[in-house]
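Accompanying notes for the structure given below.
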Amino acid sequence: MKIYIEDIAKYEGQTITLQAWLYNKRSSGKLHFLQLRDGTGEIQAVVFKGNVSDEVFELSDKITQESSVEVTGTVKKHDRSKIGYEIDATDVKVIGESVDYPITPKEHGTHFLMEHRHLWLRSLRQKAILRIRHRIIKSVRDFFDNKGFTLVDAPIFTPNACEGTTNLFKVDYFDENAYLTQSGQLYMEAAAMAVGKAYCFGPTFRAEKSKTRRHLTEFWMVEPEVAFFDIYDDMDLAEEFVEYIVQEVVKHNREDLEVLERDISKLENIKRPFPRISYDEAIEILKKKGNDTEWGADFGGDEETLISEEFDKPVMIHHYPMAIKAFYMKQEGDKAACVDMIAPEGYGEIIGGGQREEDIEKLKAKIKEQGLPEEVFNWYLDVRRYGSCKHAGFGLGIERTVAWICGLHHVRETIPFPRLMDRLKP
RNA sequence: UCCUCGGUAGCUCAAUGGCAGAGCAUUCGGCUGUUAACCGAAGGGUUGUAGGUUCGAGUCCCACCCGAGGAGCCA
């Protein structure tokens, strides 16, 4: 059976063979210290001249960084090792040689690392991020599964712009134009009428020429939608959801968070209830802090940060002016029954959602008002024609959530192969 | 798209308008306990590209290309 470093304690005193990569090496006369990693952990193998053949000792001196190797030896307790064990090697074989590995164990600039993203993933920090991303995605699925939601996949090719205004990626679809989806929401509204509680989870695309630490052109979004839900049910669901994700990571990924030097106490504090303020109250907070955002304007990154500084938990801002929100939002006077959740510590908006307009006439009027083509939304209007009901949902951006939980400055490290305005490779 | 800053060895960075350098990486040598090991030596450059000013340009001017940070928009 294959032996992994994470299980090494089980083999104390036994002679085993590991398959791994050499991530660093140190030598001292008749000793070579091979730093090995196999994706499940790191361990040091000690090659002593007296314990191995001359050929193996010579080979151990020559192995290059990131070569794949097979090391045989005895598992021994070692106090100075991080995992408490090391391997007293008796044999070393090179499986695949590595020549001139570009990422050295010293500092590198972001651009250089992004050009070598496929290799950068091998580093300790990047592995920790990948594992936390995995945990977040698993928690998303578990949360909705435990609550009786059905995963309903939304299409990637869409004929229409869901929110109209934002820039979409246009693709040639035989003799027609199609767009890469920017949201599965409209499809989830239809799905909620079928299964009651629906969610989709997949990549979405925005062709915005945004060059900031919060933007990718391809990002992953999870979008639940529930029939007979109003805006307050929606907020209850959102805070329970976010609490669950954060606490699952705290519970299962403590070591990864430590590698990233994340302040875990700040995450442990993310428990319900989260503060809820109206848009009007948010404007008041901004005024008090000397920000001159006028009533009626949307909030930018600076405003989100100012508001989030007031709280040590994610804050939900609800009931924005209808004028700055999309056509499908449920109108209540001059406000929309919508909610944004802003992560603490300046990580920005992680959730946007709300109650949808269930009245077909009001929806038609909004479509006309915003100059959208009614014919492409005809199927969407059917959701109101046949047994319409109030319903609500939200979208959570995975990469911003990963950035917040990992404490990363930029979303480009939160996804294995980021797609940015000026990056399509590797 | 706009604003700000930058581009020098494989990487990270120095160099008052006056001989282009260091650390790491690489190669060679030394060390029985190293933790981004350490010590010694060597190789490595059309200073992003094209013009211009000057006795002399990595350094000053102009254009372009590329990158970093931020804004708008958004998750």
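In what follows, chains carry the letters A, B, and so on, assigned in the order in which the sequence lines appear, proteins first and then strands, with residues in each chain numbered from 1.
Distance from the side chain of A/His111 is smallest to B/A68 among B/G33, B/A68, B/C31. Relative to the side chain of A/His215, the nucleotides B/C73, B/C31, B/U34 differ in distance, and B/C73 lies closest. Among the nucleotides B/C28, B/G72, B/A75, the one closest to the side chain of A/Lys62 is B/C28. Comparing B/U32, B/C11, B/A75 by their nearest atom to the side chain of A/Ser28 picks out B/U32. Ranking B/G33, B/A75, B/A68 by closeness to the A/Arg412 side chain, first place goes to B/A68. In this structure, of B/C11, B/U34, B/C74, it is B/U34 that holds the atom nearest to the side chain of A/His78. Checking B/G33, B/C74, B/U12 against every side-chain atom of A/Glu86, the shortest atom distance belongs to B/G33. Listed nucleotides: B/U34, B/C74, B/G72. Nearest to the side chain of A/Gln35: B/U34.
Remark: aromatic rings of A/Phe377 and A/Phe327 are close, center separation under 6.0 Å. Two rings, from A/Tyr85 and A/Tyr11, have their centers 6.0 Å or more apart.
Within the 4.0 angstrom heavy-atom criterion, base atoms lie near A/Glu304. A/Phe33 comes within contact range of at least one nucleobase, with a heavy-atom separation under 4.0 Å. Residue A/Leu31 is in base contact, counting any heavy-atom pair closer than 4.0 Å across all strands shown.
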Query - A/Phe149/A/Phe143 under ring-ring contact (aromatic ring centres under 6.0 Å, His included): CA gap, chis, key distance, verdict - result: CA-CA 9 Å; A/Phe149 277 69; A/Phe143 178 84; 7.4 Å; no
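RNA chain B contains the following stems of three or more consecutive Watson-Crick or G-U pairs, with both distances under 3.5 Å: B:1-7 with B:65-71, B:10-13 with B:21-24, B:26-30 with B:38-42.
In summary, A/Arg122 and A/Glu66 engage in a salt bridge, as defined by a charged side-chain N under 4.0 Å from a carboxylate O.
Between A/Met329 atom CE and A/Gln355 atom CD the span is 11.5 Å, to the nearest 0.5 Å. Rounding to the nearest 0.5 angstrom, the gap separating the OH atom in A/Tyr279 from the NZ atom in A/Lys335 is 9.0 Å.
Listed pair A/His409 / B/G70 meets the phosphate criterion, a side-chain N or O lying under 4.0 Å from OP1 or OP2. The shortest distance between the side-chain N/O atoms of A/Arg213 and the OP1/OP2 oxygens of B/G70 is below 4.0 Å.
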